[in-house]
Asker: 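Encoded as structure tokens, here's the structure I'll be asking about.
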Amino acid sequence: MPDIWKGRPLPDRGLAYTDLHYRLYDERTGQVLSTNSLAAVAADVLRTQREHPDAVIVAVEYDGPAWT
């Protein structure tokens, strides 16, 4: 079954795996609030938002993890 978007089938695409890494900052203070990979971004943003309810969170993409 094809994927449908706005009533039209989307073209077939191959799956790609990219291990993107990011850091979540408080835009006002510049404090790093969290760091992770794209695989966990949704859960991490929600958790970070709960832990820092007054922060204005922005995500910045980096070319590798914060810790090696």
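These figures come from a predicted structure and were not determined experimentally.
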Asker: Could you work out, with side chain to side chain contact (heavy atoms under 4.5 Å, CB included) as the rule, every residue matching P11, not counting sequence neighbours?
Answerer: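 Here the qualifying residues are R13.
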
Asker: Would you sort out whether L33 and I57 count as a side-chain contact (heavy atoms from CB on, under 4.5 Å), showing the intermediate values?
Answerer: CA-CA 8 Å; L33 304 175; I57 298 172; 4.1 Å; yes

Asker: Under the rule for side chain to side chain donor-acceptor pair (under 3.5 Å), what residues qualify as partners of H21, not counting sequence neighbours?
Answerer: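 Residues passing side chain to side chain donor-acceptor pair (under 3.5 Å) with H21: D19.
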
Asker: List for me each residue that meets salt bridge (Lys or Arg N to Asp or Glu O under 4.0 Å) alongside R8, sequence neighbours excluded, and say none if there are none.
Answerer: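 Expected list: none.
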
Asker: Considering residues at least two apart in sequence or located in another chain, which fulfil the side chain to side chain contact (heavy atoms under 4.5 Å, CB included) criterion with V58?
Answerer: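 Counting only residues at least two positions away or on another chain, V58 forms a side chain to side chain contact (heavy atoms under 4.5 Å, CB included) with Y25, E27.
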
Asker: Counting N and O atoms only, with roles assigned by atom type, does the side chain of T35 sit under 3.5 Å from a partner on the main chain of L24, one being a donor and the other an acceptor?
Answerer: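 No, because the side chain of T35 does not come within donor-acceptor range (under 3.5 Å) of the backbone of L24.
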
Asker: I'd like to check the side chain to side chain donor-acceptor pair (under 3.5 Å) partners of R47; sequence neighbours left out, ordered by chain and number.
Answerer: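 Applying side chain to side chain donor-acceptor pair (under 3.5 Å) to R47 gives S34, D44, E51.
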
